[in-house]
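Down below is the structure, laid out as structure tokens.
Every chain is numbered from 1 and lettered A, B, ... according to where its sequence line falls, protein lines coming before strand lines. Small disclaimer: the values here were computed from a predicted structure and weren't measured.
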There are 4 protein chains.
Amino acid sequence: MSHSETSSPREDPRIGHSRRAILRAALAEFAAVGHAGFRMESVAARAGVGRSTVYRHWPDKAALVADALAGLSRQPASGPGPGPGGGAGTARERAEILLTHLARALTDSPVAAAVPALIHAAATEEGFRDRLHGFSAQRRRRLTDVIATGVGSGEFPATLDPEAASVALSGGVFYRALMTPDPPDDGFVAGLLDAVLGR
Amino acid sequence: MSHSETSSPREDPRIGHSRRAILRAALAEFAAVGHAGFRMESVAARAGVGRSTVYRHWPDKAALVADALAGLSRQPASGPGPGPGGGAGTARERAEILLTHLARALTDSPVAAAVPALIHAAATEEGFRDRLHGFSAQRRRRLTDVIATGVGSGEFPATLDPEAASVALSGGVFYRALMTPDPPDDGFVAGLLDAVLGR
Amino acid sequence: MSHSETSSPREDPRIGHSRRAILRAALAEFAAVGHAGFRMESVAARAGVGRSTVYRHWPDKAALVADALAGLSRQPASGPGPGPGGGAGTARERAEILLTHLARALTDSPVAAAVPALIHAAATEEGFRDRLHGFSAQRRRRLTDVIATGVGSGEFPATLDPEAASVALSGGVFYRALMTPDPPDDGFVAGLLDAVLGR
Amino acid sequence: MSHSETSSPREDPRIGHSRRAILRAALAEFAAVGHAGFRMESVAARAGVGRSTVYRHWPDKAALVADALAGLSRQPASGPGPGPGGGAGTARERAEILLTHLARALTDSPVAAAVPALIHAAATEEGFRDRLHGFSAQRRRRLTDVIATGVGSGEFPATLDPEAASVALSGGVFYRALMTPDPPDDGFVAGLLDAVLGR
DNA sequence: CGCTAACCGAGACGGTACGTCCCGTCTTTAC
DNA sequence: GTAAAGACGGGACGTACCGTCTCGGTTAGCG
């Protein structure tokens with residue numbers, strides 16, 4: 001669904017311009033008014049584009065929303081590379097960096113606005129479900145690895161199941177952000193790590 | 001927003017009849033087609049009622065959906081009463097009962113269909129947010145109490161923060177149910193308890 | 001396609017109001033901007049009615065135009081009844097009355113604006129063709145009868161074919177109105193009668 | 001509006017090629033689907049030409065249709081020249097030749113398809129009106145002249161107004177062709193001549 | 001023969017009208 | 001007085017064309 005490859009026959013540059021402007025506008029519209037109230041005409045206006053141009057590149061509203069939200073899943077890949085959270089520090093410190101990053105993403109726009117919509121959409125539509133599951137699996141893998149490393153090095157109890165622990169940690173952050181009036185701030189993340197990984 | 005009290009001036013029995021049928025139908029519609037695709041006409045048809053009758057009792061679609069989903073928040077109160085999860089068994093066993101109950105609720109219809117919608121709606125609308133936060137706080141309080149009891153009795157480490165632990169546990173179940181292709185079955189709940197409360 | 005009968009279950013009076021207002025507006029729109037440029041939204045606005053109300057009673061633009069123009073075919077039936085053009089005067093005088101009436105209809109709005117459109121539509125669509133042929137046959141029958149009477153009474157030459165004569169007369173008026181810059185005024189009609197029926 | 005002259009600076013032959021192909025295609029499209037349903041894209045496809053090439057030579061749809069139909073008005077001028085219908089035979093015979101030619105034109109494609117469209121267009125647009133009036137005046141002049149000759153030679157009654165008679169005859173043929181289910185065949189033309197010019 | 005200018009196809013673009021769907025309001029009629 | 005039926009105004013949707021535009025590729029006709 002993402003068309004980032006440079007196609008051979010030198011694609012019309014207007015196409016890229018329009019597509020980018022529309023995707024950006026769609027994300028802004030989504031953050032502003034949510035899933036309900038998302039109007040194609042508003043997106044076109046935000047993008048400074050004709051309504052028909054939107055429909056030329058996406059068949060309908062659902063497809064545009066899907067593509068716009070898909071863009072969100074790609075950004076974090078460029079986030080905590082092998083540098084930070086990579087090798088330096090104790091496993092606990094590295095886990096804290098990863099969790100804090102997740103907490104930040106769930107607090108700041110526009111991801112904060114998109115995740116609940118993704119969760120909802122995933123309940124009904126196959127495509128969204130796969131995207132959400134894939135996205136969360138990708139994010140959580142690194143955390144699981146860090147915990148496994150900590151278990152191996154004796155920093156964490158040998159009985160700790162890295163998989164279950166990473167679910168508890170990630171889930172805890174999500175829960176705090178979505179189901180609770182308080183945001184998952186640094187203090188909360190620290191307490192969560194204490195509870196799951198031991199003090 | 002809920003109209004369950006029996007009004008004094010001998011309310012027409014047809015009213016209660018219609019109200020209940022419509023709420024039931026709204027829930028069924030919601031489970032069937034989700035938030036998008038929820039049509040007032042379908043609800044009326046499911047309830048065997050005229051479209052205008054729906055609007056006589058609820059001002060608009062949002063109010064009806066809210067009321068129907070509110071009904072879900074009340075049911076679990078009749079679930080694990082003071083009997084099970086109350087006093088019998090170890091703290092670990094009682095926590096497992098509570099978590100398993102939550103996992104069941106998130107797996108079976110119609111709650112399973114409503115929770116993602118609630119999460120999404122909470123992102124945009126004040127009322128839904130309060131309802132969701134209240135609902136989850138209510139459910140989680142009992143779990144936090146059980147953990148605190150376990151800490152007090154020495155069954156769990158004295159350093160364990162019951163609040164953080166209950167967030168990790170509840171969040172883990174939610175995460176598994178919503179963000180993962182696998183359901184939160186009994187084995188998963190057991191592993192989660194091991195990870196957070198120690199083996 | 002005309003719904004003038006009083007239906008049994010006491011039809012909602014708003015329906016009649018809307019239908020009449022819309023038909024009137026459609027005719028006005030047609031006279032104002034012709035077939036091309038005929039916009040459903042303009043019709044609704046002229047009728048003081050919502051756009052959806054138009055579509056509730058007619059499936060599409062073609063059907064509405066057809067119905068509106070059909071109304072024209074009915075009006076003249078109430079025109080020269082058995083009174084004028086009926087029995088009084090010579091055959092020549094009665095023919096002149098009928099032809100003058102036709103000339104008037106082709107000169108004044110809104111029929112004047114509708115006939116060219118009907119002719120055009122008849123070239124392509126079966127339904128319009130039948131309507132136009134029926135309409136013109138109905139109008140011309142009375143003229144043919146009058147001429148036949150004149151032939152029978154010796155007022156016109158016995159060799160005159162009433163059918164051919166009435167086509168020449170009606171056609172002459174149409175030709176003058178549509179294919180000529182000058183209107184079919186009284187003098188023209190008189191000259192036409194002289195030419196066909198003799199002086 | 002017609003660009004038939006060979007321009008001085010040795011025009012690119014591709015231009016003439018495209019223009020002719022497009023005009024031919026436009027006429028075919030018109031005959032096939034009428035005024036409504038006439039799509040520029042179809043014309044381009046019929047002509048085996050890009051859509052933009054059509055717009056390079058005509059500013060819009062109206063201009064193309066006008067030019068295509070204008071071609072029809074010119075052809076008949078080369079039809080019954082001073083040769084046939086010129087001097088040979090009686091006035092009655094010569095009138096019959098002219099009327100039969102008109103009847104043929106109104107029966108066969110593509111003129112048959114274009115005339116109703118021209119009549120309709122003439123009702124709304126100045127340019128079309130002038131074209132139609134000029135076209136019909138030109139065609140009818142010869143008929144009027146023949147009748148006047150017949151009156152002068154004593155073949156027709158001295159009281160016959162050639163102008164009115166030619167309108168009755170031409171109008172009769174048009175009426176039969178357009179407003180009647182039966183075509184203006186030879187028998188009809190003969191009867192019409194009998195009625196107007198006497199037997 | 002090679003160059004330049006133009007014509008050409010393909011199709012993206014902004015715009016407008018269409019016909020559909022659904023909402024929330026209202027009116028009418030039956031029970 | 002409540003309910004069912006459904007007409008109504010409104011507004012967003014997705015489709016179909018229009019007429020404008022930008023883009024390379026090809027082709028005519030001159031040097």
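Regarding D:Arg19, its CZ atom lies at a distance of 10 Å from the P atom of E:dC8, rounded to whole Å. Between D:Met40 atom CE and F:dG19 atom C1' the separation is 9 Å, expressed in whole Å. As rounded to whole Å, 14 Å separates atom C1' of F:dA28 from atom NE2 of D:His17. When rounded to the nearest whole Å, the span between CD1 of A:Ile15 and P of F:dC23 equals 12 Å. Rounding to whole angstrom units, CD of residue A:Glu29 and C1' of F:dC13 are separated by 14 Å. We find that CH2 of D:Trp58 is positioned 14 Å from P of E:dC7, with the value rounded to whole Å. Separating the CZ atom of C:Arg39 from the C1' atom of E:dG19 is a distance of 15 Å, rounded to the nearest angstrom. Atom CD1 of A:Ile22 and atom C1' of E:dG14 are 12 Å apart (whole Å).
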Distance-only donor-acceptor hits, side chain of residues 35-42 of chain C, under 3.5 Å, sequence neighbours excluded:
from    : atom 1 : to      : atom 2 : distance (Å)
C:Arg39 : NH2    : C:Ser42 : OG     : 3.1

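Among the heavy atoms of the strands lying under 4.0 Å from C:Arg14 is at least one base atom, whether or not backbone atoms are also near.
Side-chain contact check for C:His120 versus D:Leu118: every heavy-atom pair is 4.5 Å or farther apart.
Taking every heavy atom of residues 41-57 of chain A and every atom of DNA chain F, pairs under 4.0 Å involve A:Glu41, A:Arg51, A:Tyr55, by number.
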